[in-house]
Every structure is written in C-alpha cells, then in structure tokens.
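The figures here come from the full heavy-atom set of this structure, side chains too, leaving out hydrogens, waters and symmetry mates. Numbered from 1 within each chain, the chains take letters A, B, ... in sequence-line order.
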Amino acid sequence: MIKDLFSKNTIATNLNVDTWQDAVKAAGSLMLEEGLIEEQYIDSMINKVKELGPYIVIAPGIAMPHSRPEDGVNKTGMSLITLEKGINFGHEKNDPVTLVIALAAKDNKSHISSLAELMDVLGNQELLNKILSSDSSEEIYELLNKN
Amino acid sequence: MLKILTVCGAGVGSSMMLKVYTQQIIKNEKLDAKVDATDIGSIDPNSADIIVTTSDFADVLRNTNAQVVKIDNLTDKEYLKTELLAAVEKINN
C-alpha cells in the first residue's frame, strides 16, 4: 500500500529551490524530520547522482533520489515534494524536474509492491497533473491513495 | 530459460521496479524467463541474456553480449513490454 510509504508530514508543495542538490536536500529533510533516515543519507543521495549520473530522473519531470539501506536508513519510507520551478538534473530526456520523490529503503524487498503502485499513480497523467498542481499536502496524500 | 537482469545504481529503486514490471510481462506473455535485480557495481554483464536498465547505464554496459533494453520512463510499461519482446525475438532468431 502506498500509504505505508508516505505520511502527510513527508509531503510538501511548491518549494522554491535553485539547484538539484537543494531539491534532494529538501526532500531528504522531510524524511529526516520523520526519523526515517540519519542525516548522512541526504549527502549519500547527492553523492550517488554525482557518482552514477542523473539516472534517478525516472520519468519526464520526476526524480527519485535514493541511496542504499546501509547509508543511514532507519525505517522504509518516502517523501514527496513539488517544485515551484523546474530544476535540471542533467538528464538527457527527462529534465526539467518538478516532482521529487525521495526513497529510503531498509532492505531491497519490503517496499517494492508499494513502489510499483506508486509508479501506476505517476503513470496516470490525470492523477499526476492533479498532484503537480495541488498546493495542499493533504490533498496529494489523498490522491496518492486513490488508486 | 532466458536470464534477464534489471540494473540500476543502488539496487533498491529503479532496478527493483523494473524487475516487478518485467515479471508481470513474463507472466502475461508466458515467457520462459527468470529475472533478477542488481546494481551497476556488482553486475556481471555477460551473465544475462537480456539486461534492462536506464540509458545512463546502458552506455556503461556497451561491451556486453546481452541484449540491452534501455528505459527512460519508468512509468511507461507499454514501452518496456514492446522493447522486451523485441529483445526476446532477436535472441530466438
């Protein structure tokens, strides 16, 4: 279930950031405040992009920063932020990014079916547009769990 | 039996998602195939018949003998299905 991954506290809308690093930090901070991760995990997500490239931009306009379980994950969960203006991550096809969904995974199994459900939501253009244009984290939470 | 590997950077995000989707396709199309997920650091590129990955890593994997399926949009299952079936076809012919 998608609601196993998100809480209303890990969703924020229309954030104004200038760089992809700041976008990842903003999404990471929400997970940090909820106790899902240790602070080092945020740097680790940024370093993964520097090391491996912008592959985390998984679909047009959507980035999913994450790192490995041993890099400081306390509990499996996600955060979601929408950005006021599009940010380039350096991806050839999927830039600019306006939706950042950070993932903290405690292992490589437990979150997978929920993640697949989330991809179905994001693949639904109508739901995606509603999420992108919403300015209420409560509303986004409801939209995510609609499927 | 065909061996399919899904590959991403950390082995917990995109590759796992690609694995779920690939399994769904295998089941629906009744393919004789097995799929595993791995990360780019620990992959043996010649241990698979088909490698499913994002474009960034496809460049890293260009020396493999496997068929490489490149995915740019993880929410586009239809594209994955088309490309995967085309790769299977190539191997069978």
Considering only heavy atoms, which portion of [X] lies under 4.5 Å from any heavy atom of chain A: side chain, backbone, both, or neither?
{"X": "B:Lys19", "result": "neither"}
{"X": "B:Ile71", "result": "neither"}
{"X": "B:Thr54", "result": "side chain"}
{"X": "B:Asp39", "result": "side chain"}

_I need the A:Leu103 CG to A:Ser114 OG distance, nearest 0.5 Å._
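Interatomic distance, A:Leu103 CG to A:Ser114 OG, rounded to 0.5 Å: 10.5 Å.
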
*What residue, out of A:Pro60, A:Ala116, A:Gly123, A:Ala59, has the most heavy-atom pairs lying under 4.5 Å from chain B?*
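The candidate making the most pairs under 4.5 Å is A:Ala59.
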
_Tell me which of these, A:Asp71, A:Ile56, A:Leu115, has more heavy-atom pairs under 4.5 Å with chain B than the rest._
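It is A:Leu115.
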
*Counting distance only, does the side-chain N/O of A:Asp43 pair as donor-acceptor with the main-chain N or O of A:Glu39 below 3.5 Å?*
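Checking the backbone N and O of A:Glu39 against the side chain of A:Asp43, no donor-acceptor pair under 3.5 Å is found.
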
*Do A:Glu142 and A:Glu139 have side chains that get closer than 4.5 Å, going by heavy atoms?*
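No. Closest side-chain heavy atoms not under 4.5 Å.
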
_Min side-chain heavy-atom separation B:Ile50-B:Ile91 under 4.5 Å_ =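 Yes - at least one pair of side-chain heavy atoms lies under 4.5 Å apart.
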
Check whether [X] gets within reach of chain B through its side chain, its backbone, both or neither, counting any heavy atom under 4.5 Å.
{"X": "A:Leu122", "value": "both"}
{"X": "A:Met119", "value": "both"}
{"X": "A:Ala105", "value": "side chain"}

Is it the case that atom [atom1] in [X] sees more than 12 heavy atoms from other parts of the structure closer than 6.0 Å?
{"X": "A:Lys3", "atom1": "NZ", "value": "no"}
{"X": "A:Glu92", "atom1": "CD", "value": "no"}
{"X": "B:Lys81", "atom1": "NZ", "value": "no"}

*Best-contacting candidate, B:Asp76, B:Ile40, B:Leu74, against chain A by heavy atom pairs under 4.5 angstrom*: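 Looking at each option in turn, the highest pair count goes to B:Leu74.
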
